[in-house]
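Let me begin by presenting the structure, written as structure tokens, before commenting on it.
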Amino acid sequence: MTNPTTSEIVARCQELYEDLNFTTAREWKAAEAGRKVIGYLPVYIPREIIHAAGMLPLGIMGGGDNLEVIHGDAYYQSYICRIPRSTVELGVTGRLDFVDGMLFPSICDVIRNLSGMWKMLFPEVYSKYFDVPQTYQDEIGGTFYMGEMNEFRADLEKISGRKITDEALRNSIEVYNENRQLVNELYTLRAQKPWLAPASEAYLVVRAGLVLPVEEHSVLLRQYIDAAQSESRPIKDNSRVVVTGMFCEQPPLNLIKSLELSGCFVVDDDFMLVSRWLIGDVPLEGDPIYNLSQAFLHHSMSTAAKYEPNEEEKGQFLVRAVKETGAEGVIFASTSFCDPALLDRPMLQNVLKAAGIPFIAFKYAENSGQMQPIREQAGTFVDSIKLWSAA
Amino acid sequence: MTLAAGIDVGTGAVKAAIFRVEDGREEWLAKSIMRIRQRDPMQLAREAFDQTLEEAGIKESDLDYIATTGEGESIPFHTGHFYSMTSHARGARFLDPECRAIMDCGALHGRAIITNDPGKVTNYKMTSQCASGSGQFLENIARYLGIAQDEIGKLSVSADNPENVSSICAVLAETDVINMVSRGITSPNILKGIHLSMASRLARLLKSIGVKNELVMMTGGLAQDEGLVEAMREELAKMRGVTAEVTSHTDSIFAGAIGAALWGAFRHDKLAASGMHLKAS
Amino acid sequence: MKTFVGIDLGSTTTKAVLMDENEEILGRGITNSRSNYDTACRVAQQEAMVDARFNLFRREFDGDENTAEAEAFLGDLERSFRLEQFLEQLGDLEETCISQVKGERFEKIEDGVKQALAEVFKRLRGEAPPMFAPESDRKSDFFRDIAGSRYLSISEEVAREAELPYDMLLNVYDKSIIAVENRPPKGTLSENFKRALDRISKGEASDFSGRVDRALGIELEETYLVGTGYGRVTLPFSKEHIRSEILCHGLGAHMMYPHTRTVLDIGGQDTKGIQVDASGIVENFQMNDRCAAGCGRYLGYIADEMNMGLHELGPLAMKSAKPARINSTCTVFAGAELRDRLALGEKREDILAGLHRAIILRAMSILSRSGGVEDQFTFTGGVAKNEAAVRELKKLVFENYGEVQINIDPDSIYTGALGGAEFARRAASGRMEGIDA
Amino acid sequence: MRKPLLKASPADVEKDASMIKQKQMMTAHYDRLTNAKENGDKVASTFVPGNLNELLMCFDLVNNLPEVNAIQSGLRKQSGAYIMEAERAGHSEDVCTYVKSDIGMMMKGNIGPNGKKLPDPDVLLLSYTGCFTFLKWFELLREQYKCPTIFLQTPYVADGKVTPNMIQYMVKQLKENVIPVLEEVSGVKFDIDRLREYLGKSAKAEDDLVYILQSGKHVRSPIDAYFGGIYYIGPIFGAFRGTDDAIDYYRFLRDEVDDRMLKGLGPVTPDGPMGEEKYRLVVEGPPNYTSFRQFWKMFYEEGATVVASSYTKVGGTYDYGFRHDPDRPLETLAEYCLGVYTNRSLPSRIDMLSDYINEYQADGLLINSIKSCNSFSAGQLLIMREVEKRTGKPAAFIETDLVDPRYFSAANVKNRLESYFQMVEQKRSGAGAAA
Ligand SMILES: Nc1ncnc2c1ncn2[C@@H]1O[C@H](COP(=O)(O)OP(=O)(O)O)[C@@H](O)[C@H]1O
Ligand SMILES: Nc1ncnc2c1ncn2[C@@H]1O[C@H](COP(=O)(O)OP(=O)(O)O)[C@@H](O)[C@H]1O
Ligand code: SF4
Ligand code: SF4
Ligand code: SF4
């Protein structure tokens, strides 16, 4: 079998991305009696538990710019971000009618309240507000988190009618470890040779992992990485930037393309953090729930949705990302009305200022149509990097 | 010697300029402006460019760099593209080397920019995706009041009791203006009121990017409007902690084109120095 | 006879409905709200009176064997009456224009401009009778619109011939039209009727004119008046004569379609989604904020951008099978997007269809916030006259709320005023009951 | 019945005793705050919902509440300038204006309502109950003050049930993260009996508060449970829970309310006693503070009384029986935090509001949706429709902001309210006619 080209893989991923009916997930479910699908919202959920229950974790990142929101506005005022309203739209228009459960991770007040709304709107579907600790001591936050995970595990056992064994969990952890390694490999490739794996492509490839079974996605990742490395593409006179603030409501694809068009190489980002949340492999030996909790407490990504207990550490993750990827600046792109991202931003900017890293900031919505102002702002940023850099 | 052209494709007008740069001396050879008025901007860009070539008495192939700015990214014959704020800042610095802050007021957007000494943009902000308080907005109102565009400024500065205009929709403003007319408010007072309301928005934009005592140069089409320039002065004077002066220039509308041409020349020389040649095609 | 008046002072148009004691509509009147509000109310009310007179004439002629002849006569009378009105306002406009020609800007060309104006108005007057001839197709009923578009083209010609700057003539017009609109109509109604009657009967008294005289003799007593609408706070009425426009729209829609439960009104400056119960009482509503995106003005603005009449937008958009996806929400930015897309070679009808879809999508969002769409659904307001908007609305409503019945009345623009008139009738009868008790 | 202690002219006794008392309490509190440094007092900043005043008192810490400061700035019409200041410093227009008002105030010298500078806090007690903004707010303050910051997480009561896992988590945090740091900052050893004593006092005042708030059930309500309610909750939600002052205050207030009920009087408004009670409303959501008077006036002028509101539950829900319990000191604190209004799930908020409409015989529900506050606002439209469906009473929705004057459009709000009142009226007469 010949390896598919990047454009073939990307085309497939784009199809998955545009499919607001989640056809592949529907087909997966229909393929075998008794299969269940559990939907989850950003930012992070231990998908391993769902996988171990023999179910398909389905990432729901809003409706994007292809969904015309008709009913969603009946649920949300104009000053609330888009993702909950497009998610509700997906729900009330029946696009999620095959989903057997929904998880609302603790990320902000909007998603939190959405969990209650879901209970009102779809009383017959299992839904859970998935609380996570914001304190990171083993005895305190750890115990609480293990409690939450075990509760969830028990819920899934009830739904599926069979036990989730530690063995199954370990197996799932292994599968996801591999998937995370591949995602990280793709990110590393993009950071090193961004022209080979443009951000808009990498985005689609990683995003496919939200709707595909993880094993299938890992194959896809491998294929894309191999194809990207073997194709030759022209090097552009672009500047390297890290984009941040997009951890929940996803930017429209055109926004990512516009950034590239205006002269940016995106070398790191916080899109769909669930795919990269845990840093490094989760150990396979011992109590799997304990291991997942340890990874969450001590080896996980930073975002605005997390409390940073250590003042000195605030924002350092961003400085490290810049250093590690050789970026020349940071773009803060936040969803309009996203309190976590927007409240965090001034603090992060202060950290960057102190580190002498240039940055700019703008807002978007998942359905932003007009890209010209974004091109202009990103373009001006790149202009000033380019005109004044030593080269 | 470097010859460079700048073409600024805006939403209201296309502007073009040609420069000769030699030993740091910048000589402006030609300029041209064409209002778009529902015509194809790309074609107008060509026409405006050809006009400048003719005026400068040179051929396209004599040019070392053709720079576009504004919405000119897709012009086929450019050497490179600079984004509006980059070029406006540079153009303003050419028109008045003293200025450090730039307020560009075009047909749809307002852009506040700060530069450091070498002309590098250090901070900026654009107005949002609502056209309230834009050039188009003023144009609509003037049209309704039956006032020609070049009359606006003069009338506005003659106001004796400006009407208080809160920020209103650029499209629905008409109704509010009708309201004012029917309450017997004079055109100068209406215009001044609108200028003040626009200016206060723009002044806030300037302050938010950290303008304190820099000389602010107005660029773009509305810089021609002395009423708005005056209103900017008044609004900035009202702001605590800001002592910035405001200036404009008769060629302010060309700032983008000028800046693009000069950056083009700069980039050409820089690349040439490193042995690369990007001859205009 | 007793009459009840409802006036809906809209942002774009002011509408009046005259109702009799039996809840029958006697007359409807509409005018531009552009002028001052007082005048707008007075003009709309007066127009409703005129319409009522014609209805009374019609009642007078009812049961006549020569229906065709009578219809023709009434048609003539109406056109002739409109012509009289038009000429009167034209005279006013001319006077005002001439008086504007003064000052520095006209220093050297004062006489020339005045002569040119005289010529323009001569031609305008000459064109008038055919404009009001049978079968002629008037673009609008508003003086500003009819006079305006003709003035523009005639004065361009005249200016060219006289070698005067066209801008000057334009400027004089722009200044004068506001003043003219702000003046309440001068002539008394019956005089205009008399003159119109004279014009068609050429002075000869006929059986028809006798009946008209008789109908003119019926006195229309204004028993109670209720005002509503966008400008209701500035209405020149006291508080008990004012009702919220939401309630008036709800009630008005209920009167036209007693089974209606959801009402969408898209006016010039606001869009309202209203839910009413079985007796026309408002249960919930939602309105847009002060932004033109999603209201009638959006289309007006686009029409201006495209140099088209409002009436032409819908039919052109209907030609499209593939509406474009409009990215900008803001009206002004949508205008810019329109230009961009035209420049890129996209089809006018596709862009226009996309713009219609955009405005209806906004309306859908307001509807959904007001509680969705329930059977029956009534669409009112100026935009209901636009077929492309109606097409998109139907499509979206059916897709999202199933097969509900959609009501659109050609006179739906009067919904608010109708509700107002009914409130007036109820208030008056309540008052009378009070007196009886 | 106890007689009011304070002297006032006989005619005024009913309405003034509690008000005078409250003024004195507030003045004394702000003086203590602004003199903290001179007096050697240590200051803790914390939030209203989940505010652990009794615990802070055990360490002799003075309780500073940034939210209350923001409210004060709003009422004094200074918040607008503060918010602009914060936005100029890089804060987004989109985020909660309480935070920006506080940060702006800090940037402009932190002058408190008594005209004196508020002290820098010695410790930030980040008690996180149902509002994500709290997290970021104190991270922002920590960046400025560089003082110890205690994090106390209250899990969200998503399923309407408080689980043992939640209580354990909180008690553990109190024992291991909160109390040790408070001891260290204050230099005072924790004494659980002191805490018990204060908790007992809290419960006493809480009894009276519930009585007062429930007086709204009386037809011809003696109180306005929204505009008036804001004053009534001040001491219990602020720095006075657990004090004798609070006990006195609520006793006075209870007497006044009883007196008004006896006389068949309605609430007192800034323009004197309220006229006829034409509409009885339940209100959901915080008020607007920048145009507080104007806003209130739109209600009382039309004869609308708010008989129950959810806002008076933000600092704790007592009407379902919760009282601070001296016998389970740490658990009771945990339960208190878990029970604050915004930490309750949407379904339980709907239950609560529907109950209020029925129990307080209200004509309908009014939602004041606050732009700032996702915690309150996200989901309110569903709440509105659901309550309407369950109670059959009309509901209306208005949008304003807490302390940002830019988002209070008087004309809009008035238009909506007027339409709403006419709607209620029409519905009543329509129902009457149909019957
Ligand atoms: N003399 C003038 N007085 C006032 N406004 C003017 C004048 N000339 C142009 N304008 C306004 O300037 C705007 C166009 O400015 P410009 O900078 O060319 O915009 P853009 O770059 O967006 O095309 C138009 O809105 C026009 O109304
Ligand atoms: N014949 C028509 N065809 C299409 N649209 C129309 C027509 N007449 C009016 N409109 C639309 O209706 C709007 C005015 O609606 P109207 O209900 O009169 O508004 P308002 O009540 O606010 O005055 C105009 O902005 C226009 O878009
Ligand atoms: S985009 Fe921001 S505010 Fe909206 S749900 Fe996500 S985290 Fe919350
Ligand atoms: S308010 Fe007016 S100018 Fe602003 S977005 Fe809406 S239509 Fe555009
Ligand atoms: S978001 Fe709401 S609860 Fe949170 S601080 Fe702001 S106003 Fe208070």
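Order of the sequence lines fixes the chain letters, A, B, ..., with proteins taken first and strands second; residue numbering starts at 1 for each chain.
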Using a 4.5 Å heavy-atom cutoff, which residues in residues 341-366 of chain D come close to chain C? none

With a 4.5 angstrom heavy-atom cut-off, is it the side chain or the backbone of S370(C) that approaches chain D, or both, or neither? neither

Are there residues of residues 379-407 of chain D whose heavy atoms fall under 4.5 Å of chain C's heavy atoms? If so, which? L381(D), M384(D), R385(D), E388(D), A395(D), F397(D), E399(D)

Any donor-acceptor pair under 3.5 Å linking the side-chain atoms of S101(D) with those of S79(D)? no

T13(C) side chain to K15(C) side chain, donor-acceptor N/O pair below 3.5 angstrom: yes

Run the side chain to side chain donor-acceptor pair (under 3.5 Å) check on Q405(C) and D375(C) step by step: do they pass? CA-CA 6 Å; Q405(C) 179 178 328; D375(C) 206 20; over 6 Å; no

Can you name the residues of residues 271-304 of chain D that have some heavy atom under 4.5 Å away from a heavy atom in chain C? E302(D)

Could you note down all residue pairs passing salt bridge (charged side-chain N to carboxylate O under 4.0 Å, His left out) where residues 365-380 of chain D supplies at least one of them, sequence neighbours left out? none

With a 4.0 Å cut-off, would you call D102(D) and K100(D) a salt bridge? no

How far apart are the C-alpha atoms of V226(C) and F4(C), what are their side-chain angles, what is the distance that settles it, and do they pass the side chain to side chain contact (heavy atoms under 4.5 Å, CB included) test? CA-CA 8 Å; V226(C) 159; F4(C) 309 94; over 6 Å; no

Taking atom types as modelled and ignoring hydrogens, do the side chains of N284(C) and Q286(C) form a donor-acceptor contact shorter than 3.5 angstrom? no

Taking the side chain as every heavy atom from C-beta outward, state whether E245(C) and D270(C) have any pair of such atoms under 4.5 Å apart. yes

Looking at every non-hydrogen atom in both residues, tell me the closest pair between I7(C) and Q45(C) and how far apart they are. CD1-OE1, 3.9 Å

Return yes if a side-chain donor-acceptor contact under 3.5 Å exists between T380(C) and D265(C), otherwise no. yes

Assess whether side chain to side chain donor-acceptor pair (under 3.5 Å) is satisfied between T312(D) and S309(D), documenting all intermediate values. CA-CA 6 Å; T312(D) 49; S309(D) 71; 3.2 Å; yes

Pair H241(C) + Y224(C): ring centers closer than 6.0 Å: yes

Are the side chains of Q422(D) and I246(C) in contact, using a 4.5 Å heavy-atom criterion? no

